[in-house]
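Along the sequence shown, the residues carry numbers beginning at 1. This one's a predicted model, so the numbers in the text were calculated from it and none came from an experiment.
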Amino acid sequence: MKYSLGPLLYFWSTTDVESFYHAARSSDADIVYLGETVCAKRRLMKPADWISLARELAAAGKEVVLSTQALLEAPSEINVMKKYIANGEFSIEANDVSAIYLAHQQNVPFVVGPAVNCYNAQTLQLFVRQGMTRWCMPVELSRDWLNNILNDCAAMGIRHRFETEVFSYGYLPLAYSARCFTARAEGKAKDDCQTCCIHYPQGLAANSQEGQRLFTLNGIQTQSGYCYNLIKDLASMAGLVDVVRISPMAEDSLTTLSAFKHAELTGTSDSVTDPIHCNGYWHRLAGLSTHAI
């Protein structure tokens with residue numbers, strides 16, 4: 001299997017972003033996704049900056065994909081998406097169906113990201129016809145569901161025409177909203193949020209009244225409260241999954257990616273253990289559950 005660094009979901013300073021991706025050049029990552037996918041107000045990194053980083057990573061031998069925003073709310077955001085699609089050098093990750101439409105119009109190969117609701121082989125067949133080269137399945141789907149979809153794709157004669165990617169480590173991106181939950185937690189209006197999410201480089205924990213961590217707030221994005229971790233499930237991915245996605249949470253995410261790769265090769269998985277983690281969705285269980293292997 002190949003290993004990817006998913007797009008950075010949090011708002012980091014320019015220095016931290018550049019430091020992280022400088023380190024990624026010599027990492028074990030095969031594929032690196034770049035770009036702002038959550039909130040258009042996070043403007044420290046411009047499209048030209050992401051493309052510059054993309055060239056550096058590509059020169060280091062990485063496959064680079066430019067990721068587009070998942071929730072578009074204004075014409076200016078569509079224009080930014082068009083800049084990514086028209087970059088002329090790199091494929092894109094479409095996190096909204098409009099990006100798929102525009103990429104198809106311009107004959108730009110694309111990855112369908114986990115934010116796109118794609119739950120059956122018929123939809124995948126449509127996307128393949130439009131230029132999809134890889135599909136990252138929605139995070140709430142299970143191994144059994146994936147197996148059934150890929151069997152259907154094989155019967156339709158399209159299984160060999162795209163790669164399958166699975167979000168395998170990090171706080172799961174569950175939902176997007178026009179409201180900003182981080183700003184609300186700080187008593188700020190969304191229009192005057194002062195991009196306060198930059199103070200929470202791994203999101204803001206939201207606990208139940210009983211003290212259980214239920215969610216992670218990341219601006220307009222709601223994530224899982226527990227860290228999703230499929231390192232002990234790598235064996236069950238054999239024959240189904242082509243790319244294992246690690247979602248960047250800190251610079252040690254590069255170490256996490258290496259640990260996943262080592263676990264696949266050796267069959268050991270003790271090097272990545274979180275005090276609060278889950279793998280329920282992969283096993284058709286409640287998302288917060290942890291299925292012991």
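Taking F181 as the reference, S177, L217, T222 meet the side chain to side chain contact (heavy atoms under 4.5 Å, CB included) condition, with sequence neighbours excluded. Listed by chain and number, the residues in a side chain to side chain contact (heavy atoms under 4.5 Å, CB included) with S13 are T15, D16 (sequence neighbours excluded). Partners of D144 under the salt bridge (charged side-chain N to carboxylate O under 4.0 Å, His left out) rule, at least two apart in sequence or in another chain, are R284. Looking at residues two or more places apart in sequence or on another chain, you find no salt bridge (charged side-chain N to carboxylate O under 4.0 Å, His left out) involving K62. For Q69, the side chain to side chain contact (heavy atoms under 4.5 Å, CB included) partners at least two apart in sequence or on another chain are A40, L72, E77. Remark: S208 engages E210, Q212, L214 in a side chain to side chain contact (heavy atoms under 4.5 Å, CB included) (not counting sequence neighbours). Residues satisfying the ring-ring contact (aromatic ring centres under 6.0 Å, His included) criterion with F20, sequence neighbours excluded, are W12.
Hydrophobic clustering places F90 together with L8 (ILVMFWY residues linked when any side-chain heavy atoms are closer than 4.5 Å, directly or through intermediates).
At least one donor-acceptor pair closer than 3.5 Å links the side chain of R159 to the backbone N or O of F162. S52 places no side-chain N or O within 3.5 Å of a backbone atom of D49 that could act as its donor or acceptor partner. Under a 3.5 Å cut-off, the side chain of N279 and the backbone N or O of N229 do not form any donor-acceptor pair. Of the possible polar contacts, one joining the T216 side chain to the S224 backbone as a donor-acceptor pair under 3.5 Å is found. Remark: side-chain polar atoms of E36 are paired, donor with acceptor, to backbone N or O of C39 under 3.5 angstrom. A side-chain donor-acceptor contact under 3.5 Å links N95 to the backbone of T68. Between the side chain of T256 and the backbone N or O of L254, no donor-acceptor pair lies under 3.5 Å.
Using a 4.5 Å cut-off on side-chain heavy atoms (C-beta onward), W282 and F167 make no contact. Two residues are said to be in side-chain contact when any heavy atoms from C-beta on lie closer than 4.5 Å; Q223 and Y228 fail this criterion. At least one side-chain heavy atom of L234 sits under 4.5 Å from a side-chain heavy atom of M1. Between Y169 and I231 there is no side-chain heavy-atom pair separated by less than 4.5 Å.
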Extract all donor-acceptor atom pairs below 3.5 Å that involve side chains of residues 109-123 and protein atoms in other chains or at least two apart in sequence.
{"unit_1": "N117", "atom_1": "OD1", "unit_2": "Y119", "atom_2": "OH", "d": "3.2"}
{"unit_1": "Y119", "atom_1": "OH", "unit_2": "E140", "atom_2": "OE2", "d": "2.7"}
{"unit_1": "N120", "atom_1": "OD1", "unit_2": "Q122", "atom_2": "N", "d": "3.2"}
{"unit_1": "N120", "atom_1": "OD1", "unit_2": "T123", "atom_2": "N", "d": "2.8"}
{"unit_1": "N120", "atom_1": "OD1", "unit_2": "T123", "atom_2": "OG1", "d": "2.9"}

Name each donor-acceptor pair under 3.5 Å that joins a side chain in residues 190-198 to protein atoms two or more places apart or in another chain, with its distance.
{"unit_1": "K190", "atom_1": "NZ", "unit_2": "E73", "atom_2": "OE2", "d": "3.1"}
{"unit_1": "K190", "atom_1": "NZ", "unit_2": "A178", "atom_2": "O", "d": "2.4"}

Would you be so kind as to tabulate the donor-acceptor pairs closer than 3.5 Å made by side chains of residues 238-252, with sequence neighbours excluded?
{"unit_1": "D242", "atom_1": "OD2", "unit_2": "T164", "atom_2": "N", "d": "2.8"}
{"unit_1": "R245", "atom_1": "NE", "unit_2": "E165", "atom_2": "OE2", "d": "3.0"}
{"unit_1": "R245", "atom_1": "NH1", "unit_2": "E93", "atom_2": "OE2", "d": "3.1"}
{"unit_1": "R245", "atom_1": "NH2", "unit_2": "E93", "atom_2": "OE2", "d": "2.6"}

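Taking 4.0 Å as the cut-off between side-chain N and carboxylate O, K2 and E163 count as a salt-bridged pair. With respect to R134 and E63, a salt bridge is recorded, a charged nitrogen being found less than 4.0 Å from a carboxylate O.
Sorted by first and then second residue, the side-chain hydrogen bond (donor to acceptor under 3.5 Å, both in side chains) pairs with a member in residues 82-91 read R55-E89; sequence neighbours excluded.
Side-chain contact check for D233 and H291: no donor-acceptor pair (N or O, by modelled atom type) lies under 3.5 Å. For the 3.5 Å distance criterion, the side chains of Q202 and Y171 fail to qualify, holding no donor opposite an acceptor.
Cluster partners of L265, using a side-chain heavy-atom cutoff of under 4.5 Å among ILVMFWY residues and allowing indirect links: none.
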**Request:** Dump the intermediate steps for side-chain contact (heavy atoms from CB on, under 4.5 Å) on Y33 and S4, then the final yes or no.
**Result:** CA-CA 8 Å; Y33 292 85; S4 71; 3.9 Å; yes
